[in-house]
Amino acid sequence: MRIATWNVNSLRVRLDRVLAWLDVSECDVLCIQETKLAQDAFPTDAFSELGYEIAHYGQGQWNGVALASRIGLSDVRRGITGFDDKEARAIIGTCSNVRVMSVYVPNGRSLDDPHYQYKLRWLKALRDDLGFELKRHADLLVGGDFNIAPRDIDVWSIDALQGATHVSTRERECFEDLLNLGMEDLFRKFFSQEQLFTWWDYRGGSFHKRQGMRIDLLLGSASLSNRALWTLIDRNERKGTQPSDHAPVVVEVQA
DNA sequence: ATGGTCGATGGTCGA
């Protein structure tokens, strides 16, 4: 069973690339972020032609998360339980007995911005919701754009990012709280190296300067993590015509 | 070569 996460930064612009990538990557489940589409505007037919069912939580021009699955998709829930969120940032469903959530964690903007407080509150609500899900589903996977680099080795230069979001202590503590539920950062189960990234800013040629961050993550519960076989970041998808600023991340799990 | 890039939008804002 192959599961991936990808912040596509507008599915309207990225549709052909996403479909082409699904065709070659042979993913069973894809967690999508930043569809930037209204709920009913998702191009469901294009995905069904490839054999994927869709569950979309759309908002309009911002945010928007979705699940695409070719191994079944049931018990879908939108948003985070007990958290009154105006933004479409989380959707969960069951794909062949694995509970899969696609999340788009708030950016935070800057440490003194109200959006940063929203980010911290959002992460605490996510922790509570995942605790709830873990009681019912031993096999849980959360894929998404976390907008957090878990450790200093996950950014191109910690010195250049002093005082910025994505690396601050408080948000990293919130991320650790997710792991403390019994979740594992699956990429780090296989790779300990630094300078391995999933996102590169469009500005200033960051990709070619190798200035990025690892903020797109796949978290697996213990029972799922134990069956993880391999993982990769498909950084080729950051190249070519009209790429997203994020690369997809894939994990293969023993069925 | 006096300049940051995209995508939503149709003013700028968000990332």
Side-chain angles (χ1 to χ4, degrees), chain A residues 5-21 30-43 46 56-66 79 85-91 102-123 126 143-150 154-168 170-172 174-175 197-217 233-249:
Chain A
T5 185
W6 197 2
N7 180 325
V8 299
N9 186 15
S10 170
L11 189 58
R12 206 186 305 278
V13 172
R14 222 68 63 199
L15 181 59
D16 288 349
R17 280 193 77 131
V18 172
L19 295 174
W21 187 78
L30 177 60
C31 302
I32 305 173
Q33 300 86 39
E34 284 206 89
T35 64
K36 296 186 175 179
L37 294 172
Q39 178 100 343
D40 297 330
F42 196 100
H56 182 219
Y57 184 24
Q59 179 185 328
Q61 63 265 55
W62 305 119
N63 310 311
V65 286
D85 198 353
K86 294 180 174 59
E87 307 195 343
R89 295 182 173 277
I91 188 168
S102 174
V103 298
Y104 178 44
V105 176
N107 176 288
R109 296 176 189 164
S110 65
L111 301 191
D112 57 357
D113 193 298
H115 203 258
Y116 181 71
Q117 300 302 322
Y118 166 57
K119 182 181 198 174
L120 299 178
R121 288 200 314 275
W122 198 95
L123 287 162
L126 175 65
D145 175 359
F146 283 77
N147 273 314
I148 297 172
D154 295 311
V155 300
W156 66 278
S157 166
I158 193 63
D159 293 331
L161 293 164
Q162 283 307 316
T165 58
H166 298 63
V167 298
S168 74
R170 291 180 70 193
E171 64 197 284
R172 278 178 169 173
C174 289
F175 179 75
F197 307 133
T198 66
W199 171 85
W200 300 261
D201 202 314
Y202 284 126
R203 292 168 286 192
S206 300
F207 181 69
H208 300 289
K209 294 186 208 163
R210 302 179 183 276
Q211 298 179 348
M213 300 187 195
R214 193 178 68 90
I215 57 177
D216 298 272
L217 312 172
I233 299 166
D234 190 356
R235 66 189 296 283
N236 283 328
E237 279 302 321
R238 185 59 177 78
K239 306 176 182 177
T241 308
Q242 282 190 300
S244 169
D245 43 356
H246 297 254
V249 186

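As the structure is a computational prediction, the values presented were derived from the model and not from experiment. Side chains included, hydrogens not; waters and symmetry mates left out as well; all remaining heavy atoms used. Proteins get letters first, then strands, A, B, ... in listed order; numbering begins at 1 in each.
- When rounded to the nearest whole Å, the span between NE2 of A/H208 and P of B/dT5 equals 12 Å.
- Within the 3.5 Å criterion, the main-chain N or O of A/A149 finds a donor-acceptor partner in the side chain of A/R172.
- Across all strands, A/Y104 comes closer than 4.0 Å only to sugar-phosphate atoms, never to a base (heavy-atom distances).
- With rounding to whole Å, A/N63 atom CG is found 16 Å from B/dT9 atom C1'.
- You'll find the side chain of A/F207 reaches within 4.5 Å of the side chain of A/R235, heavy atoms only.
- Taking atom P in both B/dT9 and B/dG14, the straight-line distance is 14 Å, to the nearest Å.
- With a 4.5 Å cut-off on side-chain heavy atoms, A/Y118 and A/E87 count as touching.
- We find that CZ of A/R203 is positioned 11 Å from P of B/dA15, with the value rounded to whole Å.
- In this structure, CG of A/D216 is placed 13 Å from C1' of B/dA15, rounded to the nearest angstrom.
- Each of A/E87 and A/D201 has a nearest nucleotide on DNA chain B; the 5'-most of these lies closest to A/D201.
- For the pair A/Y116 OH and B/dA15 P, the interatomic distance rounds to 16 Å; values are reported in whole Å.
- Residue order along DNA chain B, read from the 5' end via each residue's closest nucleotide, puts A/Y202 first among A/W199 and A/Y202.
- Comparing atom distances between the A/Q61 side chain and each of B/dT9, B/dG4, B/dG7 picks out B/dT9 as nearest.
- Regarding A/W62, its CH2 atom lies at a distance of 15 Å from the P atom of B/dT12, rounded to whole Å.
- When the C1' atom is compared between B/dT2 and B/dC6, the two are found 22 Å apart, to the nearest whole Å.
- With B/dG7, B/dT9, B/dA15 as the candidates, the nucleotide lying closest to the side chain of A/K36 is B/dG7.
- Atoms CG (A/N7) and P (B/dA8) sit 12 Å apart, rounded to a whole Å.
- Dashed line: the shortest gap from a side-chain N or O of A/R109 to OP1 or OP2 of B/dA15 is under 4.0 Å.
- Between the P atoms of B/dA8 and B/dG3, the separation comes to 27 Å (whole Å).
- Aromatic ring centres of A/W21 and A/W6 lie closer together than 6.0 Å.
- If you check B/dA8, B/dG4, B/dG7 against the side chain of A/N9, the one that comes closest is B/dG7.
- To the nearest whole angstrom, the two C1' atoms, one in B/dG7 and one in B/dG11, are 16 Å apart.
- Using a 4.5 Å heavy-atom threshold, the side chains of A/I148 and A/I215 count as separate.
- The separation between A/N107 atom CG and B/dC6 atom C1' is 15 Å, rounded to whole Å.
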